[in-house]
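Here is the structure we will look at.
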Amino acid sequence: MKALNYGSLNIDFVYNVEHFVRSGETISSQNMAIFAGGKGLNQSVALAKSGIDTWHAGNIGEDGEFLAEILQKAGAHTDFISRLPGRNGHAIIQKQPNGQNCILLYGGSNRQNTRTQVDEVLSHFEKGDYLILQNEINEIAYIMERAHEKGMIIVLNPSPMDEKIFTYPLEYVDYFLLNEIEAKDLTGFDVCTEKEGIETDALLDAVCSHFPNSKVVLTLGEYGSIYKDEKQKIHQPIVKVPVIDTTAAGDTFTGFFIGSIAKGLSPKEAMQIAAKASAIAVSRQGAAPSIPELNEVYDFGR
Ligand code: RIB
């Protein structure tokens with residue numbers, strides 16, 4: 001069984017700022033750093049480190065060769081990464097002292113997938129293999145249609161959320177991993193959530209009743225995450241650590257959760273591992289470089 005992550009590879013330009021730039025304002029950053037990132041790449045790094053056979057598909061531009069090297073180093077296969085002329089996708093990330101960020105994306109190479117390419121990549125996968133998707137590349141609906149025909153298990157992290165999501169065949173999704181805002185946008189549920197309270201449960205129920213064939217993980221930031229399928233609901237608190245940088249915390253959670261499920265662990269075990277892995281990630285700088293090895297996750301908090 002293999003995991004195919006068809007997703008973005010970004011160059012992250014990270015600027016440390018006192019506060020996010022406001023409309024009409026010009027501010028200076030304290031420093032900047034360049035990291036490998038992209039929700040796709042980050043999740044592939046986490047999947048590979050969780051110990052599952054991971055294949056990343058996507059495109060890199062002329063300035064993005066180091067991204068493929070980072071995936072290889074993490075143990076992911078890069079045979080299905082195409083090299084294209086022109087600029088790689090990138091992200092401009094502002095990071096505040098409290099570790100929170102805001103992100104501006106440039107699609108570049110990430111938005112140049114073709115159906116011929118998709119058909120070729122998917123010809124190497126079969127029923128029971130996992131397909132992991134986020135929302136930073138083009139041709140997602142087509143990838144989902146073809147993967148569903150093959151009987152692949154489809155995982156969608158609908159991030160960043162936009163109106164294109166509603167054009168995808170969401171009924172084919174086996175696992176949704178999403179945050180509160182994405183869950184509200186996806187379901188139209190507009191009650192103000194009180195995180196740990198009844199409203200959060202109602203929001204999760206709304207996602208599950210919209211997508212009755214899907215298993216759902218709702219992430220709630222500092223309030224942890226909740227998993228729900230037809231038999232069980234599991235609440236997983238966060239593991240508290242000093243927050244340095246929250247970039248890629250969600251990607252780390254997704255990769256370790258799905259990797260653990262694909263390895264045959266129970267949802268409860270997978271949630272625990274994912275929570276520990278993302279806690280380690282927020283205690284470090286950067287996106288992909290912050291993602292821990294599996295042994296670090298097992299040793300964490302012992
Ligand atoms: O989820 C974090 C990622 O979002 C960053 O690495 C950035 O590239 C954007 O895709």
Side-chain angles (χ1 to χ4, degrees), residues 1-10 36 38-62 64-65 67-86 88-89 107-159 164-165 167-177 213-215 251 254-255 257-264:
M1 195 268 308
K2 298 186 281 196
L4 167 66
N5 184 11
Y6 221 125
S8 59
L9 305 98
N10 283 341
K39 294 185 196 309
L41 180 147
N42 297 337
Q43 292 182 25
S44 279
V45 168
L47 282 159
K49 289 188 169 182
S50 78
I52 193 80
D53 188 19
T54 303
W55 299 70
H56 189 97
N59 303 316
I60 50 181
E62 288 161 11
E65 196 54 43
L67 301 171
E69 287 161 19
I70 281 173
L71 279 170
Q72 277 162 8
K73 245 196 207 151
H77 302 277
T78 56
D79 313 46
F80 304 130
I81 294 180
S82 303
R83 271 78 180 164
L84 301 181
N88 204 94
S109 46
N110 292 316
R111 304 209 55 84
Q112 293 178 46
N113 293 295
T114 65
R115 294 187 175 193
T116 314
Q117 212 178 353
V118 172
D119 291 342
E120 155 59 16
V121 170
L122 288 184
S123 71
H124 298 271
F125 295 86
E126 56 188 29
K127 187 176 165 65
D129 286 340
Y130 283 72
L131 170 72
I132 296 96
L133 295 164
Q134 312 76 32
N135 194 27
E136 288 186 341
I137 61 168
N138 64 321
E139 291 295 3
I140 290 180
Y142 185 76
I143 298 170
M144 287 173 73
E145 298 278 0
R146 297 287 85 80
H148 177 73
E149 279 167 17
K150 294 180 84 84
M152 292 178 77
I153 298 165
I154 300 179
V155 178
L156 179 64
N157 168 219
S159 180
K164 287 194 298 300
I165 292 279
T167 66
Y168 304 159
L170 298 175
E171 65 278 15
Y172 297 160
V173 175
D174 297 284
Y175 289 87
F176 279 101
L177 287 102
N213 302 322
S214 313
K215 301 169 174 61
D251 299 330
T254 298
F257 176 81
I258 292 299
S260 304
I261 291 286
K263 279 161 56 184

Derivation of the side chain to side chain contact (heavy atoms under 4.5 Å, CB included) call for Tyr130 and Asp174: CA-CA 10 Å; Tyr130 283 72; Asp174 297 284; over 6 Å; no
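- The two residues Ala147 and Leu122 come nearest to each other via the heavy atoms N-CD1, 3.8 Å.
- In this structure, the side chains of Val155 and Ile261 stay at 4.5 Å or more apart for every pair of heavy atoms.
- The side-chain heavy atoms of Phe125 and Arg146, taken from C-beta on, include no pair separated by under 4.5 Å.
- Residues Ala36 and Asn42 come closest through the heavy atom pair O-OD1, 4.1 Å.
- Ring geometry, Phe257 versus Tyr175: the interplanar angle exceeds 60°, so the pair is classed perpendicular (tilted spans 30 to 60°).
- Annotation: Lys73, atom NZ; neighbour count of heavy atoms from other residues, nucleotides and ligands within 6.0 Å does not exceed 12.
- Here the closest heavy-atom approach between residue Ser50 and residue Lys263 is recorded as O-NZ, 2.6 Å.
- A 4.5 Å side-chain heavy-atom check between Leu67 and Ile81 finds every atom pair outside the cut-off.
- Remark: the Asp251 side chain and the Gln134 side chain contain no N/O donor-acceptor pair separated by less than 3.5 Å.
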Side chain to side chain contact (heavy atoms under 4.5 Å, CB included) between Asn113 and Ile143, worked out: CA-CA 10 Å; Asn113 293 295; Ile143 298 170; 5.7 Å; no
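- Taking 4.5 Å as the limit, some side-chain heavy atom of Asn135 sits within range of a side-chain heavy atom of Tyr168.
- By the 4.0 Å N-to-carboxylate-O rule, Glu126 lies too far from Lys2 to be salt-bridged with it.
- Atom CD1 of Ile140 and atom OG1 of Thr167 lie 8.5 Å apart (nearest 0.5 Å).
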Verdict with reasoning, Leu131 to His148, per side chain to side chain contact (heavy atoms under 4.5 Å, CB included): CA-CA 9 Å; Leu131 170 72; His148 177 73; over 6 Å; no
Ile132 and Thr54: CA distance, side-chain angles, deciding distance, side chain to side chain contact (heavy atoms under 4.5 Å, CB included) verdict: CA-CA 10 Å; Ile132 296 96; Thr54 303; over 6 Å; no
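- What you find for Gly75 and Ala48 is that their closest heavy atoms are C-CB, 3.9 Å.
- Within the model, atoms CG of Leu4 and NE2 of His77 stand 11.5 Å from one another, a figure rounded to the nearest 0.5 Å.
- Between the Asn88 side chain and the Ile60 main chain, no donor and acceptor come within less than 3.5 Å of each other.
- For the residue pair Asp119/Tyr142, the side-chain donor-acceptor check at 3.5 Å is satisfied.
- Minimum interatomic distance between His56 and Leu41 (heavy atoms only, all atoms of both residues): CE1-N, 3.6 Å.
- Side-chain N/O atoms of Asn5 and Ser44 include a donor and acceptor closer than 3.5 Å.
- Side-chain contact between Tyr172 and Glu145 is present, with at least one heavy-atom pair separated by less than 4.5 Å.
- When all heavy atoms of Gly255 and Leu47 are compared, the closest pair comes out as O-CD2, 3.5 Å.
- The CD atom of Glu139 lies 12.0 Å from the CD atom of Gln112; values are rounded to the nearest 0.5 Å.
- With rounding to the nearest 0.5 angstrom, the CD1 atom of Ile137 is 8.5 Å from the CG atom of Asn59.
- The side chain to side chain donor-acceptor pair (under 3.5 Å) test applied to Glu136 returns Ser8, not counting sequence neighbours.
- In this structure, Arg111 contributes its side chain and Ser109 its backbone to no donor-acceptor pair below 3.5 Å.
- Under a 3.5 Å cut-off, the side chain of Lys164 and the backbone N or O of Asn138 do not form any donor-acceptor pair.
- Taking the side chain as every heavy atom from C-beta outward, Thr254 and Lys39 never approach each other to under 4.5 Å.
- Here the side chains of Asn157 and Gln43 are in contact, with some heavy-atom distance below 4.5 Å.
- With contacts defined as side-chain heavy-atom distances shorter than 4.5 Å, the pair Trp55/His124 does not qualify.
- Atom-to-atom distance recorded for Glu120:CD and Phe80:CZ is 6.5 Å, nearest 0.5 angstrom.
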